[in-house]
Number of protein chains: 2
Amino acid sequence: METQLAAATMPVPAASPTKRTGGRSALVLASVRSAVEELIKERGPERVTVPMIAERAGVNPTSIYRRWGDLPTLINEIATYRLDPERPLPESGNLRADLTGWAREIVQHYSKPVNAALLRAGAATAGESESDCLRNRRAEARLFVDRAVNPVITVDQVIDHLVAPIIYRVIFLPLTLDDSTADRLIADLFARA
Amino acid sequence: METQLAAATMPVPAASPTKRTGGRSALVLASVRSAVEELIKERGPERVTVPMIAERAGVNPTSIYRRWGDLPTLINEIATYRLDPERPLPESGNLRADLTGWAREIVQHYSKPVNAALLRAGAATAGESESDCLRNRRAEARLFVDRAVNPVITVDQVIDHLVAPIIYRVIFLPLTLDDSTADRLIADLFARA
DNA sequence: GCCGTAATGCAACGGTTGTTGCTTTTATCT
DNA sequence: AGATAAAAGCAACAACCGTTGCATTACGGC
């Protein structure tokens, strides 16, 4: 067939479909992201549609459908990368101090209504395989515990008694979340150790 | 106006618009509920629509729209009352024993994929005012602590270190949830007291 | 058993959504 | 700079969704 001939002729079977991330694509990505964030804050995660996002972003709906395929997929991606996984983390040499700074940052992050709304939306799709918008947070927890010389506590304990209460309150009891929450949970966590 | 005349004539202004809960209505309610549960398990909470539910339930879509108005509202109601608030609760006279039984029940409940999916869906709408599908659970926690003679722990601690970790794992780490989870958390919780 | 009316069913509609084939733009590589 | 093809725009289309007015059923109170 034609493909065989072509394969024989070509030096390399063109197995490098170069992605385009810069320029216009980046602009579309950015404006779609902020459109989603605005709309989700304004109307709640359940009442946002793709055409609405497209209009707000000044972008054609087809661009969104072709890039993400799905509204849940799009929202989930935004929820996952809202808190930059590449950002600098506390590195004081003291586990408790590091976790304190880290927990405070998370509380502060999710105190913003936009981020709380995104988390709730992300929760809806969290069941399916690897679409978990909090996996970066757990990787960070693991990092802190793993590099400590004398951990005292386990990763599971950090998840259960620090991350979980914060996330639970963000989703279900947002009004009870304040700056003291992180410190209180840290105190509880290390009281046991 | 006519209304004034009517009001003067009538002995009681008919201020009792009797609801109809039995017979057909009950049947519709039941079949809609199981249709939602089936579909949410099959396709995930985000890919279910009202017409789909109506067809599966053998009910007219308008009935659903008029009764609940909204898909999120419907799903949220089901998520809220899936675990019967009137069910008997442990009442051993011992706080730790009661909480243990209660926590085991919750873990077992949410180990079923249907209930986990409903919880995720409920999380998406949890921000808005009083549409919180876990409020009954928190009321129960309060009951246990309030009636204990020497509580040892606070309601907030039950929320943060027992309820929150279970719910977090149900939503984001369903595979890590097993029968030992409840006991482990209870142990952690009372270790401090 | 009868009556009033709450609740469901039915049908038609206007608007929206998501898909598809094609054209235009433009990011990336040489 | 020029060539290539990835990504975005455009237009048209067939679903589908949710609303509304009216007819039908049958629950609940007498």
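Here is the naming used below: chain letters follow the sequence lines, and residue numbers restart at 1 for every chain.
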Asks: For A:S25 and D:dA6, is the shortest distance between a side-chain N/O and OP1 or OP2 below 4.0 Å?
Replies: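 Answer no for this pair, as no side-chain N or O of A:S25 is under 4.0 Å from OP1 or OP2.
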Asks: Walk me through whether A:R120 and A:E46 qualify under salt bridge (charged side-chain N to carboxylate O under 4.0 Å, His left out).
Replies: CA-CA 10 Å; A:R120 286 187 206 104; A:E46 299 283 327; over 6 Å; no
Asks: Between D:dC10 atom P and A:E55 atom CD, what is the distance in whole Å?
Replies: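 Interatomic distance, CD of A:E55 to P of D:dC10: 13 Å.
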Asks: I want to confirm an ordering. Mapping B:G23 and A:S63 to their closest nucleotides on DNA chain D, which one lands closer to the 5' end?
Replies: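 Whichever sits nearer the 5' end wins; that is A:S63.
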Asks: Whole angstrom is fine here: how far is it from CG in B:L29 over to C1' in D:dC27?
Replies: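 So the CG-C1' distance, B:L29 to D:dC27, works out to 15 Å.
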Asks: Do A:R67 and A:S25 come within less than 4.5 Å of each other through their side chains, counting heavy atoms only?
Replies: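 In contact.
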Asks: Consider the side chain of B:P51, meaning its heavy atoms from C-beta on, and name the nucleotide among D:dA8, D:dG18, D:dC27 that approaches it most closely.
Replies: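 The nucleotide sitting nearest to the side chain is D:dG18.
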Asks: Please report the distance, rounded to the nearest Å, between CZ in B:R24 and P in C:dA7.
Replies: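 Whole-Å distance recorded here is 12 Å.
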Asks: Are any of A:Y65's side-chain N or O atoms less than 4.0 Å away from OP1 or OP2 of C:dT19?
Replies: no
Asks: Phosphate oxygens OP1/OP2 of D:dG28: is one of them under 4.0 Å from a side-chain N or O of B:T18?
Replies: no
Asks: Over how many whole Å does the gap from B:N60 atom CG to D:dA23 atom P extend?
Replies: 16 Å
Asks: Please report, rounded to the nearest Å, how far the P atom of D:dC16 is from the CG atom of B:L71.
Replies: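 Atom CG in B:L71 sits about 17 Å away from atom P in D:dC16.
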Asks: Can you measure B:D70 atom CG to D:dC17 atom C1' for me and round it to whole angstrom units?
Replies: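 Rounded to the whole Å, the gap is 13 Å.
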Asks: Calculate the interatomic distance between B:K19 atom NZ and D:dG29 atom P; express it in whole Å.
Replies: 14 Å
Asks: For a side chain to side chain donor-acceptor pair (under 3.5 Å) check, start with the C-alpha distance between B:R169 and B:T176, then their side-chain angles and the critical distance, and finish with the verdict.
Replies: CA-CA 7 Å; B:R169 295 189 109 96; B:T176 71; 2.9 Å; yes
Asks: Tell me whether the side-chain N/O atoms of A:T62 come closer than 4.0 Å to OP1 or OP2 in D:dA11.
Replies: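 No, outside the criterion.
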Asks: Taking any heavy-atom pair under 4.0 Å as a contact, classify A:R67: base, sugar-phosphate, or nothing.
Replies: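 A:R67: backbone/sugar contact only, no base atoms under 4.0 Å.
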Asks: Using a cut-off of strictly less than 4.0 Å, decide whether A:T21 has a side-chain nitrogen or oxygen near OP1 or OP2 of C:dT28.
Replies: yes
Asks: Rounded off to whole Å, could you give me the CD1-to-P distance for the B:I53 and D:dC17 pair?
Replies: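 Value for this atom pair: 10 Å.
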Asks: Nearest nucleotide by nearest heavy atom, which residue falls closer to the 5' end of DNA chain C, B:R20 or B:R66?
Replies: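 Result of the comparison: B:R20.
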Asks: Identify whether the distance between the nearest side-chain nitrogen and carboxylate oxygen of A:R135 and A:E140 falls below 4.0 Å.
Replies: no
Asks: Show the nearest heavy-atom pair for residues B:G101 and B:P90, with the distance to one decimal.
Replies: C-CG, 4.3 Å
